[in-house]
Structures are given as C-alpha cells and as structure tokens.
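For reference, the structure discussed in these notes is given below.
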Number of protein chains: 2
Amino acid sequence: MSALNEQALEYVAKYFKALAEPMRLKVLNALQDGEKNVSQLTQISGGTQANISKHLTLLAQYNLVKRESRGTNVYYKIADPSVYELCELVCGQIGNRMALEEDIKKLFTATSQTD
Amino acid sequence: MSALNEQALEYVAKYFKALAEPMRLKVLNALQDGEKNVSQLTQISGGTQANISKHLTLLAQYNLVKRESRGTNVYYKIADPSVYELCELVCGQIGNRMALEEDIKKLFTATSQTD
DNA sequence: TGACTATATAACTATATGGTTATATAGTGC
DNA sequence: GCACTATATAACCATATAGTTATATAGTCA
C-alpha cells in the first residue's frame, strides 16, 4: 500500500465503502450459498424491493456481484469469493482485538467461525 | 460470516466504514513505518491539524490505532498490522478484477505490490 | 393486445459525516 | 504566573447516501 497515490486511495476507500453498509453485507451474506434473484434477496434481507435493488446496483458497480437476467428475474451472484476473506479478517480483528466491551465480543466469538 | 446477526453486521459495517475514507487510509499508510505524532501526520497527509485529529480520534475509537501522549506530543501507531492485509486484499481485488477501465488498472498494478 | 410479475429508477426526506474555522485544553519552560 | 506549542473539540456548512413511495420498464403468458 505504501506507494498508492491519491487516486488509488480513493478507489480503495470506495471499495471499503461498498462493504460499509449492514444491508449490503446481509445481501453478500445471503449470496454465499449461491446465486439468488432480487425477490429472494428482498425476502431474506427483510428490506424493500426498491432498497435491495439499489444496493444490488451499487454492488454490481463495484464488481462485487454479477448480474444475470433470466426471464423476468434477475439473478445475482458473488463476483469474487475473496470478498469473504475480507469479512473473515474483519470479524477476526473485531472479535480478537476490538472487543473492549464484553457484549460485542460475544457477537463475534460465538458466530464468526461458522463459515 | 454466515451466522452473523444484525448487531454483528453493523459492527463489521462500521469497521469497513472506518477504512472507507481516503484521508484515513493515507494516515494508516503513513503509520506503516512506525509511530508518528499528529504534527508529522498532518504534514505527511497534507490535511489540516483539526481534520487529522478528528480522523485519528475515529481510528482510535475503532482500535485501528493506539494513542500515546509523550510531553506535548501525541504519538499514534498501528494497533494491529493485519489491517494492511485488508488493504492488500482490496488492492489485489481491485487490481485484478475491478479494473474495467485501463487507467484504473494502472494505478494498482504499478504500485500495490511494493509493500 | 392486455393483464400480470419482476426489477429498476426517480423524487424526496432525513441523517451522517468530511472539512473548515475558531477555540479550548494541556504540557513545557521561562 | 505567562508565553508558547501541540492536540482536541465545538460549531457550522455542504455533501453524500440509506430508505421510502410512486412510477417506469421489461418479460411472460393468456
């Protein structure tokens, strides 16, 4: 990272920003076991159709998911599973190091190792 | 990540959010070769003192950096070097997969492997 | 064609936040 | 105490964005 210039930093920041939203993480989470269409993702995530569609559009813009229309449905899938490595790393860091408060610690130590 | 609940997702999202800002990445970048005080970081980053101080406060809240006062100076250092793994992963992903535009590709392939 | 379903988008609101300027706080040395 | 330096914070503005509602678009099937 040492030689990254301004423009590159902005790109990296934007990438992190795409992941910095609970609903988008939820969607990515739901896509772990394979592609799903918008209706399915809407139901799983508990959001509204419009909102999920917006998030999916954003995720697709950052190439985090791939879009494929089939009939009237649009299926989305993870573009690169290495995105989950990021989440694992973050969960690990939070679980191990950031858990100053006990209740937060519990959230992660109990659940983050199950993938 | 599969079993993460709402609260955990929010925490992960917040963590990503802490990294989703060019100036903060710049500061973290500047801390790669060891601790620095606020004045140094202000100069390196090119921001204002108040702004850098705000970013540092936020980074400290998320335990991304550690704070240590010595005299009138306050020194900050990376709390856990594994944060750079995240950046590496992201740089790799952007460089390899997200580089739809050639000019963006160049930003990363030329510079991101130098750490 | 028309009814129906699935998805995307536009317009809007409310909230969060990055940056700035000015000021407060705190340590050092006289 | 006073001057000086370093850092943090408060108040403010401008912008970005998550979510909502309503509507548009597009595919399917009768």
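Values reported hereafter were calculated over all heavy atoms of this structure, with side chains retained and with hydrogens, waters and symmetry mates removed. So you know, we letter chains A, B, ... as the sequences are listed, proteins then strands, and number each from 1.
Listed for the A/S82 side chain is no donor-acceptor partner under 3.5 Å among the backbone atoms of A/E85. Using a distance-only test at 3.5 Å, with no hydrogens or angles considered, a donor-acceptor pair links the side chain of A/K26 to the main chain of A/S45. Without hydrogens or angle criteria, B/S53 side chain to B/Q49 main chain gives no donor-acceptor distance under 3.5 Å. A/Y84 contributes a side-chain N or O that, together with a main-chain N or O of A/L28, makes up a donor-acceptor pair within less than 3.5 Å.
Side-chain contact between A/V83 and A/L19 is present, with heavy atoms from C-beta onward closer than 4.5 Å. In this structure, the side chains of A/K36 and A/Y76 stay at 4.5 Å or more apart for every pair of heavy atoms. No side-chain heavy atom of B/V74 sits under 4.5 Å from any side-chain heavy atom of B/E68. Proximity of B/N73 to B/V38: side-chain heavy atoms (C-beta onward) are nowhere separated by under 4.5 Å. Looking only at side-chain heavy atoms (C-beta outward), A/H55 and A/E21 come within less than 4.5 Å of each other.
B/R24 comes within 4.0 angstrom of sugar-phosphate atoms only, judged by non-hydrogen atoms across all strands, and of no base. Within 4.0 Å (heavy atoms only), B/Y76 reaches sugar-phosphate atoms of the nucleic acid but no base atom. Residue contacts for A/E21: at a heavy-atom cut-off of 4.0 Å it reaches the sugar-phosphate backbone alone, with no base atom in range. In this structure, A/R70 reaches neither bases nor backbone, as no heavy-atom distance under 4.0 Å exists between it and the strands shown. As judged by a 4.0 angstrom heavy-atom cut-off over every strand, A/S39 is placed among residues touching the sugar-phosphate backbone only.
Atom pair A/R67:CZ and D/dA26:P shows a separation of 11 Å (rounding to whole Å applied). In this structure, CE of B/M23 is placed 17 Å from P of D/dA16, rounded to the nearest angstrom.
If you walk DNA chain C from 5' to 3' and mark each nucleotide with an atom closer than 4.0 Å to a heavy atom of chain A, the marks span C/dA6 to C/dT9.
Taking for each of A/K54 and B/N51 the nucleotide of DNA chain D with the nearest heavy atom, the 5'-most of the two is the partner of B/N51. Summary of the strand contacts: A/K17 and B/N73 both lie near DNA chain D, and taking for each the nucleotide with the nearest heavy atom, the more 5' one is attributed to B/N73.
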Item to check | Secondary-structure string, 5' to 3', Watson-Crick or G-U under 3.5 Å, | for another-strand partners, for DNA chain C | outcome: ||||||||||||||||||||||||||||||
